[in-house]
Every structure is written in structure tokens, then in C-alpha cells.
Amino acid sequence: MSNNFVLLEKQPNGVAHLIINRPEVHNAFDDDVIEQLINQLEAVNEDRDVRVLVLRSNGKNFSAGADLAWMKRMAQNSYQENLDDAGRLAKLMEVLNNLSKPTIGLVQGAAYGGAVGLAACCDIVIAAESSQFCLSEVKIGLIPAVISPYVVRAIGERQSRRYFVTAEVFTARQAQAYGLVHEVVADVEMMDDACNRFVEQLRRNSPQGMHAAKDLIFAVSGKDIDQAVINDTACRIAEIRVSAEGQEGLGSFLQKRKPNWIQE
């Protein structure tokens, strides 16, 4: 890509920061930004040195959502071109949501439209008190289509029925109450402190265990607790107990030592 709208900064402690870098347009994203995000996320997913991913942006706002010039261009395109284009945004949400590493989203300022979807796809979201959220699509005759599975899962059907149709702005505290945000801090400067606290907690956990825990949530969420689910969960714990990391974790606990994935 010729434009560095997305930056990836890897730290020695196994933490990668994926940064949307278009502050001059409030970090709005277009097809170029989407492709860069997908490519970087897929690379991080395969990088064994990365233990935790932090998604953030430069500037005053997390993201204003879709870029206006991009939307104008897509409005002139055919149905098939729009379908293909929407498929790439859907791919971005899927890759972020299913990333094998724990993900932390840092939200400052405005998080509008598709940016709410990005937050919903992160495992942990930290927001500044002053940040604002809005599912604004209906204001311009559109719908929050490809982000909807993740947003509805995050805030529930009841709140989605309100905010999908009203396009109201809601606060960080409301987002926390609805389940979209996990922690609200007083100002932007405090987000890094909160992020570092989560990072240190995550770095002490088994990488394989965290990946398997995320898969477990997806496997049981919304399912009836029937025999198939019960059998699946039994298989999952049996498999991880006999795995190399499972054996190391159990052994270190019984021997009262640190497991080998903790690197001080």
C-alpha cells in the first residue's frame, strides 16, 4: 500500500499496537484502510512473537466511520461492486473478532458507524469518559449491516432496536452499561495506564489457553445446553489438559513455579 493509513508497532514484550493513522479525516476508513487493517491483522495472527494486540488510532477521534469520499464513490457503483466492497468490511470484522490473540480496543473521541463494529469485535474495550458512540447509518438512508452481528452480540437486541433506528449518540458510560465498553477512564492520557494493566494480566496467561478460551465462548454462546454442547466442552478440556501448554501450566502450578510462557 502506498499510503501508511495503518501502522503496526511491535514492542519487545509481545504487544503489537495496530494504529489507524488518518487523523486529518477523523480516522475515517475506506477500502484502502480496510485492506491494510485486514493484512496487518492476518500478519499479527500468524506472528508467534505477538501475545496481545492493541487497536487504537492517532488524533482526537477513534474513527468517524466510513469515509465520505468512499461512500460517494460506492454510491455510483453497481450492486455487485457494492456487494464485493461490503464483503471486505465484513472480512475485517470477522478477522478482528476471531483473532487468536487477545485484543484491546482504545476509544477516544468519536466512534461512529463501523467504528462501533470495530469496538464490538475487540475482547476488551477501554474508553475515555469524553468518548461518544453512534450507529449513525440510518441518518443517510443506510443500515449498520455487516457490523450488526457483532454489535447486537455486544449490546443486546433491546439496545440495538433503539440505537439502530434512532442514530442517537450515547456516552462512554452508557456504552459500558450496555456491554460495549469494559472500562471507562477519566481522560485519554489514562487509557495507556489502563491498557498496560490489562496487558500485564494477559501476558501472564497461556497463549494457547487464551486462544482456546475465545474459541470456547464462540462455541457455547447462544447455544442450548444440550448433550452436544456438553460433550464438546468435555472434549475441549480433555484436549487442552494433555497439550504441551496444558501440561506445563498444571506442572508449574503443582510445583509452585512460573510457567515457561511468563517472561519477566
Side-chain angles (χ1 to χ4, degrees), residues 8-19 37-56 91-107 117-127 149-151 153-154 176 179-183 191-223 229-264:
L8 182 66
E9 298 178 357
K10 292 195 289 185
Q11 300 177 347
N13 63 355
V15 180
H17 287 251
L18 186 58
I19 306 164
L37 285 170
I38 292 172
N39 291 339
Q40 296 285 20
L41 285 168
E42 289 180 335
V44 163
N45 206 42
E46 298 300 319
D47 190 338
R48 295 178 64 87
D49 292 332
V50 175
R51 299 273 296 276
V52 180
L53 176 77
V54 178
L55 177 65
R56 63 194 310 163
K91 177 68 174 178
L92 169 59
M93 299 297 159
E94 178 189 17
V95 172
L96 177 58
N97 189 67
N98 296 329
L99 203 77
S100 63
K101 324 293 173 87
T103 54
I104 302 173
L106 303 184
V107 178
L118 291 176
C121 290
C122 289
D123 299 318
I124 299 164
V125 177
I126 302 165
Y150 311 101
V151 176
R153 184 171 289 180
Q176 184 179 35
L180 179 65
V181 167
H182 296 91
E183 189 160 318
M191 285 201 302
D192 281 329
D193 290 339
C195 180
N196 290 336
R197 176 163 40 82
F198 277 111
V199 163
E200 289 311 306
Q201 182 73 34
L202 293 167
R203 289 183 65 247
R204 300 186 68 82
N205 300 335
S206 155
Q208 174 189 267
M210 291 188 294
H211 183 193
K214 289 181 68 167
D215 282 347
L216 175 64
I217 294 165
F218 299 144
V220 303
S221 179
K223 302 284 183 65
V229 167
I230 292 168
N231 291 344
D232 179 55
T233 57
C235 288
R236 288 171 186 268
I237 186 61
E239 288 172 0
I240 204 163
R241 279 176 182 165
V242 300
S243 70
E245 274 194 26
Q247 290 287 298
E248 169 63 16
L250 289 169
S252 65
F253 175 75
L254 295 172
Q255 297 162 22
K256 295 182 171 54
R257 61 174 174 83
K258 293 179 181 179
N260 60 16
W261 55 75
I262 295 181
Q263 300 172 350
E264 300 296 348

Student: Looking at Ile124 and His182, what are the two nearest heavy atoms and their distance?
Tutor: CA-ND1, 3.5 Å
Student: Looking at Lys214 and Asp123, what are the two nearest heavy atoms and their distance?
Tutor: NZ-OD2, 2.8 Å
Student: Got a sec, which residues hit salt bridge (Lys or Arg N to Asp or Glu O under 4.0 Å) with Lys10, two or more places apart in sequence or on another chain?
Tutor: Asp47
Student: For the CZ atom on Arg257, are there more than 12 heavy atoms of other groups (residues, nucleotides or ligands in this structure) within a distance under 6.0 Å?
Tutor: yes
Student: Using distance only, find each side-chain donor-acceptor pair of residues 92-99 under 3.5 Å and give its atom names and separation, not counting sequence neighbours.
Tutor:
{"from": "Asn98", "atom 1": "ND2", "to": "Glu94", "atom 2": "O", "distance (Å)": "3.3"}

Student: Would you say Asn45's side chain and Leu41's backbone share a donor-acceptor pair under 3.5 angstrom?
Tutor: no
Student: How far apart are the closest heavy atoms of Gly209 and Ile240, and which atoms are they?
Tutor: CA-CD1, 4.1 Å
Student: Listed by chain and number, what are the salt bridge (Lys or Arg N to Asp or Glu O under 4.0 Å) partners of Asp215, not counting sequence neighbours?
Tutor: none
Student: Could you list the residues that satisfy salt bridge (Lys or Arg N to Asp or Glu O under 4.0 Å) with Lys91, not counting sequence neighbours?
Tutor: none
Student: Quick check: closest heavy atoms across Val107 and Met191, and the distance to 0.1 Å?
Tutor: O-SD, 3.4 Å
Student: Between Val44 and Lys101, which heavy-atom pair has the shortest distance, and what is it?
Tutor: O-NZ, 3.1 Å
Student: How long is the gap from OG on Ser221 to CG on Leu216, to the nearest 0.5 Å?
Tutor: 10.5 Å
Student: Do Glu183 and Arg197 come close enough that some side-chain heavy atom pair is under 4.5 Å?
Tutor: yes
Student: In chain order, what residues pass the side-chain contact (heavy atoms from CB on, under 4.5 Å) check against Pro259, with sequence neighbours excluded?
Tutor: Glu248, Ser252, Trp261, Ile262
Student: What distance separates His17 NE2 from Ile104 CD1, expressed to the nearest 0.5 Å?
Tutor: 8.0 Å
Student: Roughly how far, to the nearest 0.5 Å, is the SG atom of Cys195 from the CD1 atom of Ile126?
Tutor: 5.0 Å
Student: Would you please test Gln201 and Val52 for side chain to side chain contact (heavy atoms under 4.5 Å, CB included) and show each step?
Tutor: CA-CA 11 Å; Gln201 182 73 34; Val52 180; over 6 Å; no
Student: Ignoring hydrogens and geometry, is there a side-chain-to-backbone donor-acceptor pair from Lys223 to Val229 under 3.5 Å?
Tutor: no
Student: Identify the two heavy atoms, one from Val151 and one from Gly117, that lie closest to each other, and give their separation to 0.1 Å.
Tutor: CG2-CA, 4.0 Å
Student: Which of these passes side-chain contact (heavy atoms from CB on, under 4.5 Å) with Thr103: Leu18, Leu53, Leu202?
Tutor: Leu53
Student: How long is the straight-line distance from OG of Ser100 back to CZ of Arg48, given to the nearest 0.5 Å?
Tutor: 10.0 Å
Student: Would you find a donor on one side and an acceptor on the other, under 3.5 Å apart, between the side chain of Arg51 and the backbone of Gly14?
Tutor: no
Student: Once side chain to side chain donor-acceptor pair (under 3.5 Å) is applied, what residue pairs with a partner in residues 229-243 remain, sequence neighbours excluded?
Tutor: Gln208-Ser243, Gln227-Asn231, Asp232-Arg236
